[in-house]
Amino acid sequence: MLKNSKFLILAGFGVVLLLMTALTAVGLTRILSLHERVEALREAHDAKIALVSAMVAATRERAISLHRLALLTDPFELDEEQLLFGGYAVDFIQGRDGLLALGLNREEKSILTRALQGAKRGEQWQLKVIELFQQGDGHDAEAHQLLLKEVIPAQKLVIGTLAELMALQQRQEHAAAAEAASSFRRALMAMGALGVLAVVLGALIALYVMRRTALTERALFQEKERAQVTLDSIGDGVITVDAVGRVIYFNPVAEQLTGWKLAEIQGLSLRWAFNAVNAYTRKQIEHPAFDGAVDGATVNVYENVLLISNDGREFDIESSVAPMRNQKDEVIGSVLVFRDVTQSRELAKQLAWQATHDQLTSLINRREFDVRLTRLLESAKATGDQHALLYLDLDQFKLVNDTAGHAAGDELLRQLADKLRAQIQGRDTLARLGGDEFGVLLERRSLDEALKIANTLRETVQEFRFVCEGRTFEVGVSIGLAPITAQTENPANLLSCADAACYAAKDKGRNRVNVYSPENLDLMQRQSEMLWVTDISRAFEEKRFCLYSQPIRYLGEAPADARHCEILLRMVDAQGQVILPGAFLPAAERYGLMPVVDRWVIRTLFGAIRTSLDHGSGTQSRRICSINLSGASLNDEYFPDFLRDQIALYRISPAALCFEITETVAISNLDRARHFMLELKKAGCRFSLDDFGSGMSSFAYLKDLPVDYLKIDGMFVKNMVKNPIDLAMVEAINRIGHVMGIQTIAEFVEDEAVLEKLRGLGVNYAQGYAVGRPAPLLLQPFP
């Protein structure tokens, strides 16, 4: 260490001397450069002074030449003198160009500009004087007068200005010389000071390094002590071993986790003190630190390691081992670092459990259920084993929520989940899929076995009684059973089949088990409707709905509002084919999508009418649009407010709107239908009763509904020419309608014969292919 310290001192001092020598060389180089620059500046000033002197001489000689021209009479002498006169001008210009080429500062340029301006003015008068002398004796006096008053003062001004420029050059030269001398003196002083500083700095560095070396030697021992304290206080266990795996050091955390004291285990093999096993197999692992010498980088051993202490305690640990090397980079042992991760792993297990289980019932959740369902389906396809899926939907559960509150409903689900869990055995899976819906996966079960288990679950639910605040609640369950075979397409389709079977069980009276079969028409219809729900939602997202209109013709003399049409909804599939509403509306009605559909139709139609009015002509009152409303919208207490808001938003005349409600919907909730109609009729809207005659008591309730139009059911109209009973029904409906002051509209008018028959009966309007087929909605213009 001392030898190294001396070497560092000598090396540091040598570096300082070399540095100062280099700085001195740089300083001398700078002085030489400064001297060269001063010489160059002096030469430039001398050149400028010479050029200014030449310009002064040219100016004076030109003045003298002008005087000689005034005295000479001989023509040859005059010509020769004029050539000299012009040559002096050339000398003056060359001097000017030389000055500009050397480069002038702002003050020099200003003085030169004044001199040139004076020279230019003097030249004009000189040329005038020469011209007067050449004209003869009559102009000599004028020439002498100009010479004295203009030429000579101008020449004096030019010479004076050039003299000022020459004086400026001399001052600048003296200033540059003084600055150079000053810079030279400063450089010499700086070099001297720098040399002294180098010696002082070298001495100080030598003293500092020697003192620092002594401090470092003392600090090494303190650092060793601090390292020991640090190892003793960190939260990780630290063990060092020699090259053959014998223990050298344990820190307190390592002693606490292993149950061994350093004095007890020092010098012994690490295998005795570090009992690490696989958390699942309980077999001791071959830890890299057991061999002592670890070659390479740090080795991490993290997964499934369990440390068993000397007193039997167990800890989940993460560990790493790194080699220890000497100055020759030889491995002389290793350092094992490990930490207790029991708590964090327990938290990870808890999070993993929460990710796969329902928080309310502790059953498997929908996500994990889908994973297991996919695995079962893959097993069925790979091995041919048969499994089964049960889809459970509680009956009358909403009654509990509505009467006892959601907290009671949650408690019912918890208790019922425990009852159902007791019936699930082996590898079977019970899951809560959401709300009051449960799913069961039955592994390697035949259809008969699955049906038996399903009925057991149904009976369990049927026998269950939930008591809350002195009241007893009973619930039932509808179960859909779908077999899982190699022919099953995919998990989504399987769930759809089980769901369809479950809803079919509800339709058949609830609290029963229904087995899915591809040949079951009810299930096929239910499944088809469920698929339509997805298609409808996607069509809304992709804007694949559109409106059609079909004309309704007045059969008598056209009144003011004779132009009448019905607005029809169409859906376009992904291939661009138009789908009639009979294919998708039943699914929309069953699954509660009709309010959304009705509102879309209202907004779209009103927007088209508004556009037509903004770009067309006429008024709205000469045309009526009939719009079909579903029973769900009729029963929606907020729907009238929605209609009024849309009418105000799009500035639509209520008299141009006629809402069609089917007879079946109207009689299912007569009071609500009457209230709905009266509320909107106050705003000016009209109403039409659709499919009239298909109900059981059409005429009995008709007097209670404030309708404007009766649409005679098409099943009577289309065969009325051939069937006298249908003709009598049409005639009776038309007559009753007229007695009540209601206009009539005949549907499904498909040929001229029916059209003529309707005219004969006095029916007001006709709608059908004989009048006009449905076509895309066009409201331009909207007269």
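Just the heavy atoms: all of them, side chains too, but no hydrogens, waters or symmetry mates, feed the values below.
- The neighbour count for Lys381 NZ, taken as heavy atoms of other residues, nucleotides or ligands under 6.0 Å away, is above 12.
- The residues Asp395 and Lys506 are annotated as salt-bridged, a charged nitrogen and a carboxylate oxygen being separated by less than 4.0 angstrom.
- A salt bridge links Arg282 to Glu314: one of the charged nitrogens lies within less than 4.0 Å of a carboxylate oxygen.
- Side-chain contact of Glu411 with Gln415: a donor-acceptor pair under 3.5 Å is present, judged by distance alone.
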Between Ile479 and Asn514, does the side chain to side chain contact (heavy atoms under 4.5 Å, CB included) criterion hold? Intermediate values first, please.
CA-CA 6 Å; Ile479 303 177; Asn514 194 49; over 6 Å; no
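- Closest of all the heavy-atom pairs between Ala501 and Val515 is CB-C, 4.5 Å.
- With values rounded to the nearest 0.5 angstrom, Cys497 atom SG is found 11.0 Å from Ile484 atom CD1.
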Full working for ring pair (Phe, Tyr, Trp, His ring centres under 6.0 Å) between Phe338 and Phe315:
CA-CA 11 Å; Phe338 57 99; Phe315 303 95; 9.4 Å; no
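- Shown here for Asp340 and Asp316, the closest heavy-atom pair between the two residues is OD1-O, 3.3 Å.
- Put simply, the side chain of Leu447 reaches to within 4.5 Å of the side chain of Leu481, judged on heavy atoms.
- Contact check on Glu541 versus Arg538 returns no salt bridge, with no Lys/Arg side-chain nitrogen under 4.0 Å from an Asp/Glu carboxylate oxygen.
- Other residues, nucleotides and ligands place no more than 12 heavy atoms under 6.0 Å from the CD atom of Glu469.
- Using a 4.0 Å cut-off between charged nitrogen and carboxylate oxygen, Asp428 and Arg445 count as a salt-bridge pair.
- Electrostatic pairing of Asp358 and Arg367 does not count as a salt bridge here, judged by no charged N lying under 4.0 Å from a carboxylate O.
- Between Arg432 and Glu437 there is no salt bridge, since none of the side-chain N atoms of the basic residue sits less than 4.0 Å from a carboxylate O of the acidic one.
- Atom CD of Gln343 has 12 or fewer heavy atoms from other residues, nucleotides or ligands within 6.0 Å.
- Remark: Arg366 engages Asp370 in a salt bridge, criterion side-chain N to carboxylate O under 4.0 Å.
- Screening Thr429, Ile424, Leu390 against Leu441 for a side chain to side chain contact (heavy atoms under 4.5 Å, CB included) leaves a single residue, Thr429.
- Looking at Asp448 and Ser446, their side chains never bring a donor and an acceptor atom within 3.5 Å of each other.
- Enclosure of atom CZ in Arg427 is not indicated, since only 12 or fewer non-hydrogen atoms of other residues, nucleotides or ligands lie within 6.0 angstrom.
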